[in-house]
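Take a look at the structure below.
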Amino acid sequence: MTGKKIAVLATGGTLAGKAASAADNIGYTAAQLGVEELLAAIPALHGAPLVTEQVAQVDSKDMSFELWRQLALRCAHYLAQEDVAGLVITHGTDTLEETAYFLHAVLAPAKPVVLTCAMRPATALAPDGPQNIADALAIAAAEGAHGVVAVCAGTIHGAWDVAKQHTYRLDAFTSGDAGPIGYVEEGRLRLVRPWPTAAVGAQAALQKWTAAKRWPRVEIVMNYAGAGAEVVEALVAQGIDGIVAAATGNGTLHHDLEAALLAAQARGVKVVRSTRCAQGRVLSPAGAGLPDSGGLAPVKARIALMLELLA
Ligand code: SIN
């Protein structure tokens, strides 16, 4: 630890979840324990300089744009404090990658912002939350650490790459082709590639997000066997602002769906082509009718498109 404070911002998740029995890892209610109770479960931290805030108490499947607004503002507040070395955000695993990407896009932090989580509730026989929090605190205090990252199961993932890949295992996250940024081993950092590069225009993006009277509506439409025009036509009729196509393979779309997306684009709806493949990116041929997502997975391409539409 550097002697500076770490700000711990709690938002809920399984990490703060409770089940009726220690044998039950799945039949729990998320977001039950407060931040002080979470930290009390980590004896090694007693005496460490922490400042804590319960920003929310939600199951992250219920994450909202308003909550992102509040969280981003609290992060900006603590990042601006000279005596704060870094931030830890406790979060549910289900939408962690979206919050991580959003914060990356609006904060561009010169300090570490470390999201952490758990796959088992706090009441489990062997909960993973306390170790993940301890690891996240170690990274938030690590010399030279910066940018928005996620720490889970001893692995550090960058906000751009991180994705939940497993429904049950403790090591539930991947960084795909990019690989992790590093590892946390006995509280020590082992860096294997550079910390994330700050997002361009983050400050303006934060201002626009926080000032918005209405966030742009962007939906994800998936390609699959038998996909048609109907969903896109319904969205256009409702006045949708943007659509991310979770295309098959290298950006392929059923010809009926593609025609509907091109028609939507011609009517002024912003359309971006991503892929439903868990790995790889869409490599567009020259003159492609629909722009690709620049390597962003559909859920993150949606956030990027919302921010673009706000701008
Ligand atoms: C949540 O995302 O809040 C619940 C599931 C989890 O944290 O694993």
Side-chain angles (χ1 to χ4, degrees), residues 1-11 15 35 39 42 44-53 55 71-91 96-97 99-117 128-163 171 173-203 205-206 295 300:
M1 298 267 171
T2 58
K4 289 192 175 183
K5 293 181 207 156
I6 307 291
V8 182
L9 312 185
T11 72
L15 181 132
V35 61
L39 293 171
I42 311 170
L45 295 178
H46 289 168
L50 302 180
V51 48
T52 63
E53 184 170 330
V55 177
L71 181 60
L73 288 174
R74 296 317 290 155
C75 287
H77 166 79
Y78 288 109
L79 287 168
Q81 311 294 311
E82 178 60 32
D83 62 348
V84 169
L87 274 51
V88 168
I89 301 171
T90 63
H91 199 288
L96 180 144
E97 68 218 62
T99 300
Y101 179 77
F102 170 73
L103 293 176
H104 164 78
V106 302
L107 292 177
K111 299 175 184 178
V113 175
V114 187
L115 287 98
T116 196
C117 55
D128 51 332
Q131 184 65 57
N132 284 343
I133 294 174
D135 289 349
L137 287 164
I139 297 312
E143 194 74 35
H146 59 88
V148 180
V149 299
V151 167
C152 181
T155 308
I156 309 164
H157 304 275
W160 177 281
D161 301 299
V162 66
D171 194 1
F173 289 88
T174 178
S175 289
D177 289 347
I181 286 175
Y183 302 94
V184 199
E185 295 161 341
E186 299 297 303
R188 288 191 289 269
L189 164 67
R190 178 159 65 92
L191 204 63
V192 295
R193 67 182 182 88
W195 294 104
T197 313
V200 177
Q203 205 176 348
L206 178 59
K300 295 181 186 176

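Numbers here simply count residues along the sequence, with the first being 1. Only this structure's heavy atoms are used, side chains among them; waters, hydrogens and symmetry mates stay out.
For the side-chain hydrogen bond (donor to acceptor under 3.5 Å, both in side chains) test, residues two or more places apart in sequence or in another chain that qualify with E53 are R74, Y78. Residues that satisfy the side-chain hydrogen bond (donor to acceptor under 3.5 Å, both in side chains) test with T52, not counting sequence neighbours, are E36. Residues satisfying the side-chain hydrogen bond (donor to acceptor under 3.5 Å, both in side chains) test with T99, not counting sequence neighbours, are W68, H91. Evaluation of the salt bridge (charged side-chain N to carboxylate O under 4.0 Å, His left out) rule for E186 yields no partner, not counting sequence neighbours. With sequence neighbours left out, V200 forms a side chain to side chain contact (heavy atoms under 4.5 Å, CB included) with no residue at all. Residues that satisfy the side-chain hydrogen bond (donor to acceptor under 3.5 Å, both in side chains) test with T155, not counting sequence neighbours, are absent from this structure. For D128, the side chain to side chain contact (heavy atoms under 4.5 Å, CB included) criterion is met by A118, M119, R120, N132, L170, not counting sequence neighbours. Considering only residues two or more places apart in sequence or on other chains, D161 meets the salt bridge (charged side-chain N to carboxylate O under 4.0 Å, His left out) condition with R193.
When all heavy atoms of A138 and V184 are compared, the closest pair comes out as CB-CG1, 4.3 Å. Of all the heavy atoms in G158 and P196, the pair that sits closest is CA-CG, 4.5 Å. L71 and T11 get closest at one heavy-atom pair: CD1-CG2, 4.2 Å.
The CG atom of L137 lies 6.5 Å from the CD1 atom of I6; values are rounded to the nearest 0.5 Å. In this structure, L115 CG and I89 CD1 are separated by 4.5 Å, a value rounded to the nearest 0.5 Å. The CG atom of L189 sits 5.0 Å away from atom CD1 of I156, with the distance rounded to the nearest 0.5 Å.
Tested against V35 for a side chain to side chain contact (heavy atoms under 4.5 Å, CB included), the candidates V88, V8, V55, T90 yield a single pass: V8.
Side chain of K300 to backbone of A159: a donor-acceptor contact under 3.5 angstrom is found.
Here salt bridge (charged side-chain N to carboxylate O under 4.0 Å, His left out) pairs that include residues 80-90, with residues two or more places apart or in two chains, are K4-E82, K5-D83. Sequence neighbours left out, not one pair with a member in residues 129-140 passes salt bridge (charged side-chain N to carboxylate O under 4.0 Å, His left out).
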Quiz: residues 104-114 side-chain donor-acceptor pairs under 3.5 angstrom, not counting sequence neighbours:
residue : atom : partner : partner atom : Å
K111    : NZ   : L79     : O            : 2.9
K111    : NZ   : Q81     : O            : 2.8
K111    : NZ   : V84     : O            : 2.8

Review item, side-chain donor-acceptor pairs of residues 173-181, under 3.5 Å, at least two apart:
residue : atom : partner : partner atom : Å
T174    : OG1  : G176    : N            : 2.9
S175    : OG   : H157    : ND1          : 2.7

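Ring geometry for Y101 versus W160: interplanar angle over 60°, hence perpendicular rather than tilted (30 to 60°).
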